[in-house]
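Heads up: the structure comes next, in structure tokens.
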Number of protein chains: 2
Amino acid sequence: MSFRALGRELGADPTAVYRHFRDRNELVEACLDRLLGQIAGSISTELPWRERLRATADTYFEVIVAHPVIGAEAGHRTTGGPGELAMLELLLVSLADAGLSRERVVRYYSLLAGYAASVAAAAAAYRLQDDRIQLPADRIWVGTQGLMDPVRYPTAFGLRDELAALRTDEVFLSGFELLLDTVETTAVRE
Amino acid sequence: MSFRALGRELGADPTAVYRHFRDRNELVEACLDRLLGQIAGSISTELPWRERLRATADTYFEVIVAHPVIGAEAGHRTTGGPGELAMLELLLVSLADAGLSRERVVRYYSLLAGYAASVAAAAAAYRLQDDRIQLPADRIWVGTQGLMDPVRYPTAFGLRDELAALRTDEVFLSGFELLLDTVETTAVRE
DNA sequence: ACCTGAACACCGTTCAAGT
DNA sequence: ACCTGAACACCGTTCAAGT
């Protein structure tokens, strides 16, 4: 994305955007906040807490990776807008519904949101990279060429097939599932 | 970081770097691989597996945030170099030492590495942002101005103090600790 | 073998001028 | 009120020319 490409696509002067947004930063944050609002709005509030959180993470990853220019910046941005707040409220309510204490709600919120936001953003940024990268975009970020050295890296060598089979979306989702396991275990203990 | 600033600082022509690295990408990856090697080399192999992994995550976060230009790109890059491979081997060996099965070693490796790499990179990118951001860099990424609306966001409103108190490094480390709890629980069960 | 410096094709952003 | 287009200060990168 560049302002010149944007102007070309919209049939307007590249600098016309400055009539509507102060700078690139504000534009990106407005787009991101809209995406967040769409995600939060698409999650049924009728779902049990665990399914609700899983659906949120699932949709979040899909949307972020489908909009890689915005998504790549989602991990380190605060929009402060209604979309972000709707997401925040959705996550907090779900964790409270799980039966967690006030303190635990905030702690697990920060873990789940930090995990999902950062890992999804990394997946989007990975996908954004030029084609010069050797691996397909859905493969995990570990280099495979060095895994052929059984002397220096015996354990990595022994697990090379399993490592090569890792895929970003599966890692994201199964990782989130593990976090939800922890939430559930803590909730039933309290 | 820019090639012109780099040349100025090194007292050479900005384009002299091209004698040593093909492009910016190769330079960044070489720097990152060196950082990874330093981190892996600084972890004592005598430590029990859990302390070893904690020390790795701790050092990793510190180093990545201390080198934000490189660190911000660490979440979505594969160096394929000896530093990355040393880190990979270190993590796999530690998880194997915990008593995990082959399959579980790879699964938990992808979770721990994905979590640490992505969240630390987001923290570095956050720190890299211009001073126009209202919040200090060690604060978490949730907007605070909108938390004052008890009607639309009652749960967020009720937890606003706890949310405002969140700090990136604490969230990172306590999140990693939770993941290690899961590893340990799984290991003793197997 | 390594460095230089002009040049190219891009960026985001500003600002006076248009309608 | 909104858009235009020239201009500014940057980028990464190439390449012929120097030592």
Side-chain angles (χ1 to χ4, degrees), chain A residues 1-36 64 67-81 84 121-122 124-135 137 141 143, chain B residues 1-36 64 67-81 84 121-122 124-135 137 141 143:
Chain A
M1 198 275 289
S2 79
F3 280 30
R4 280 166 183 83
L6 196 68
R8 210 181 309 126
E9 207 138 330
L10 266 55
D13 194 90
T15 64
V17 202
Y18 285 93
R19 284 288 123 200
H20 308 279
F21 300 94
R22 188 137 57 96
D23 53 15
R24 192 194 128 92
N25 189 52
E26 244 186 33
L27 174 61
V28 169
E29 282 177 7
C31 293
L32 177 58
D33 199 70
R34 174 174 284 207
L35 290 181
L36 293 175
I64 289 295
H67 300 83
V69 175
I70 306 297
E73 308 204 39
H76 53 91
R77 268 176 198 283
T78 270
T79 74
E84 188 178 70
Y126 198 71
R127 188 158 300 207
L128 209 61
Q129 274 181 119
D130 298 346
D131 321 67
R132 82 188 126 50
I133 54 169
Q134 20 344 27
L135 299 162
W141 50 89
Chain B
M1 200 271 291
S2 81
F3 281 29
R4 282 165 182 83
L6 196 68
R8 212 181 308 126
E9 208 139 328
L10 265 54
D13 193 90
T15 65
V17 203
Y18 284 92
R19 284 289 123 199
H20 309 279
F21 300 93
R22 189 137 56 96
D23 53 16
R24 192 196 128 92
N25 189 51
E26 244 186 33
L27 174 61
V28 169
E29 281 177 8
C31 292
L32 177 58
D33 199 71
R34 175 173 282 206
L35 290 181
L36 294 175
I64 288 296
H67 300 85
V69 175
I70 306 296
E73 309 205 37
H76 53 95
R77 269 177 196 284
T78 272
T79 75
E84 189 180 69
Y126 198 72
R127 189 158 302 206
L128 210 61
Q129 275 181 117
D130 299 345
D131 320 70
R132 83 188 124 55
I133 52 168
Q134 10 3 9
L135 298 164
W141 51 87

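Computed from a predicted model, the values in this text were never measured in an experiment. Each chain gets a letter, A, B and so on, in the order its sequence line appears, and its residues count up from 1.
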Tell me which donor-acceptor pairs under 3.5 Å the side chains of residues 6-18 of chain B have, and how far apart each pair is, sequence neighbours excluded?
{"from": "Asp13(B)", "atom 1": "OD2", "to": "Thr15(B)", "atom 2": "N", "distance (Å)": "3.0"}
{"from": "Asp13(B)", "atom 1": "OD2", "to": "Thr15(B)", "atom 2": "OG1", "distance (Å)": "2.8"}

Report summary line: side chain to side chain contact (heavy atoms under 4.5 Å, CB included) filter on Ala121(B), not counting sequence neighbours, yields none
**Report entry** Value rounded to 0.5 Å, distance of NE2 in His67(A) from CE in Met1(A)
**Finding:** 13.0 Å
Query raised in the report: Looking at CD of Glu26(A) and CG of Asp33(A), how far apart are the two atoms once the value is rounded to the nearest 0.5 Å?
Result: 12.0 Å
Query raised in the report: Roughly how far, to the nearest 0.5 Å, is the CD atom of Gln129(A) from the CG atom of Asn25(B)?
Result: 6.5 Å
Report summary line: Heavy-atom closest pair (Leu32(A) atom, Arg77(A) atom, distance to 0.1 Å) is CD2-CB, 4.2 Å
Report task. With sequence neighbours left out, write down each residue that passes side chain to side chain contact (heavy atoms under 4.5 Å, CB included) with Ala122(B), or none if nothing qualifies. Result -> Ser118(A)
Requested in this report: Report yes if a side-chain nitrogen or oxygen of His20(A) is closer than 4.0 Å to either non-bridging phosphate oxygen (OP1 or OP2) of dA1(D); otherwise report no.
Outcome: no
Query raised in the report: Which letters describe nucleotides 7-19 of chain C, given B = protein heavy atom under 4.0 Å from base, S = only from sugar-phosphate, - = neither?
Result: B---BBBB-----
Query raised in the report: Which string of ( ) [ ] | and . matches DNA chain C, if you list each base 5' to 3' and count Watson-Crick or G-U pairs only when both distances are under 3.5 Å?
Result: ||.|||||...|||||.|.
Requested in this report: Kindly write out the residues that satisfy salt bridge (charged side-chain N to carboxylate O under 4.0 Å, His left out) with Arg24(A), not counting sequence neighbours, or none if the list is empty.
Outcome: Glu73(A)
